[in-house]
2 protein chains.
Amino acid sequence: MNRAQPKQFREQIRILERKLGLLKKNNGSCCAEVLTLAQCHALVEIGRVETISLKDLSVILAIDMSTTSRTVDGLVKKGYVQRIPSLEDRRSVNISLTESGIIIFETIESNNNAFFAGIFTNIPNDEKMNVLHALDVILAAFDQDN
Amino acid sequence: MNRAQPKQFREQIRILERKLGLLKKNNGSCCAEVLTLAQCHALVEIGRVETISLKDLSVILAIDMSTTSRTVDGLVKKGYVQRIPSLEDRRSVNISLTESGIIIFETIESNNNAFFAGIFTNIPNDEKMNVLHALDVILAAFDQDN
DNA sequence: AAACAATAGTTGTTACTTGCAATTAAAATG
DNA sequence: CATTTTAATTGCAAGTAACAACTATTGTTT
């Protein structure tokens, strides 16, 4: 057993985390002119599922419902999201993107895809498959830990 | 060229990012009873370099000097960090851990190492080297993008 | 069916994090 | 020696977030 490997692993993840944190701020792919970061995250998740309850959205975003509610408030005020009361359960609201919300969503998705495509081209061709596989292994390792 | 690969890559990073975000909150390795998250990050960086200026710390943490100054304030109030005016440059302060700060630092480091060692054991033995290599490749790809 | 418990959502309050601008003091530069 | 740059701090404003309390439904239990 190599005792250094887990530490190396920790260090790599740590550095990656910091790089990702920087990106979130600096690469303009979150439409910072019109959205805050939290709003960007919420909007992307709503756009992906098309319609979702506040509860489910809070689970996906891993933030409290109160925070989620206020984040959605902001998106509604800006006209990117609508709240439609559910007919099946009158406690619940169906949250979805408006037309202008969809435009923003698609902008963010394409910016983001372009950004990661750029990073990905920096990976040597004979490593690409390997990297994708390794990431799957890493994600599985995290999942396994519950 | 596989058009799906960059998107897969983006998605994997996205999921990893979210998992890491959750961890930061939920695995207790940041001494949440006594430290806020920002304080934990700062304390770890200070502990690693032993002594550092506020300026350099703000560069490492990638946050504004004003924010860094206030984060250090909190650590000083709690008795984990000391500010010692530099003798070479009287504008500058040398920031370092106190004895109780070192104890917290070592606790965090060992908690964190244990946590990542746990994740790492979930990776099949014949994949371990591969994963470490792939992470290096990924980090290099991010660096290359400036 | 009435009483009780659980769930979805909102609002009040509080705390933490952060950045920008202005200020002070001390180098560094010309 | 005057000017500019740098290190650090403080005032201010905004964003992010959780917890507690509350309303309105829905589900469950007796």
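First the proteins, then the strands, lettered A, B, ... as listed; each starts at 1.
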Distance check needed: [N] [atom2] versus [X] [atom1], whole Å only.
| X | N | atom1 | atom2 | value |
| --- | --- | --- | --- | --- |
| I95(B) | dA7(D) | CD1 | P | 13 Å |
| D73(B) | dA15(C) | CG | P | 17 Å |
| M65(B) | dT5(D) | CE | C1' | 13 Å |
| L57(A) | dT16(D) | CG | P | 14 Å |
| D89(B) | dA25(C) | CG | P | 15 Å |
| L75(B) | dT17(C) | CG | C1' | 14 Å |
| E33(B) | dC16(C) | CD | C1' | 17 Å |
| I84(B) | dA7(D) | CD1 | P | 19 Å |

Relative to the ring of F120(A), is the ring of F9(B) parallel (under 30°), tilted (30 to 60°) or perpendicular (over 60°)?
tilted
Looking across every strand, which nucleic acid part, if any, lies under 4.0 Å from [X] by heavy atom: base, sugar-phosphate, or nothing?
| X | result |
| --- | --- |
| S66(B) | base |
| S53(A) | sugar-phosphate |
| S92(A) | sugar-phosphate |

Does R70(A) or V93(A) map to a spot on DNA chain C nearer the 5' end, using the closest nucleotide for each?
V93(A)
Nearest nucleotide by nearest heavy atom, which residue falls closer to the 5' end of DNA chain C, D64(B) or D56(A)?
D56(A)
Minimum-distance nucleotide (side-chain atoms of [X] versus [options]):
| X | options | answer |
| --- | --- | --- |
| T67(B) | dA25(C), dA8(D), dT18(C) | dT18(C) |
| K55(A) | dG9(C), dA18(D), dA24(D) | dG9(C) |
| I63(B) | dT17(C), dT9(D), dT18(C) | dT18(C) |

Any R91(A) side-chain N or O less than 4.0 Å from OP1/OP2 of dT10(C)
no
For T36(B) and dT17(C), is the shortest distance between a side-chain N/O and OP1 or OP2 below 4.0 Å?
yes
Between R10(B) and N113(A): side-chain donor-acceptor atoms closer than 3.5 Å:
yes
Any side-chain donor paired with an acceptor under 3.5 Å for T98(B) and Q82(B)?
no
For salt bridge (Lys or Arg N to Asp or Glu O under 4.0 Å), just list the numbers for E106(B) and R48(B), CA-CA rounded to whole Å, side-chain angles, deciding distance to a tenth of an Å, and then say yes or no.
CA-CA 10 Å; E106(B) 282 166 357; R48(B) 288 182 172 208; over 6 Å; no
Note: for R90(A) and L54(B) on DNA chain D, the residue whose nearest nucleotide lies more 5' is L54(B)
So CD1 of I138(B) and CD1 of I13(B): to nearest 0.5 Å the spacing works out to 5.5 Å
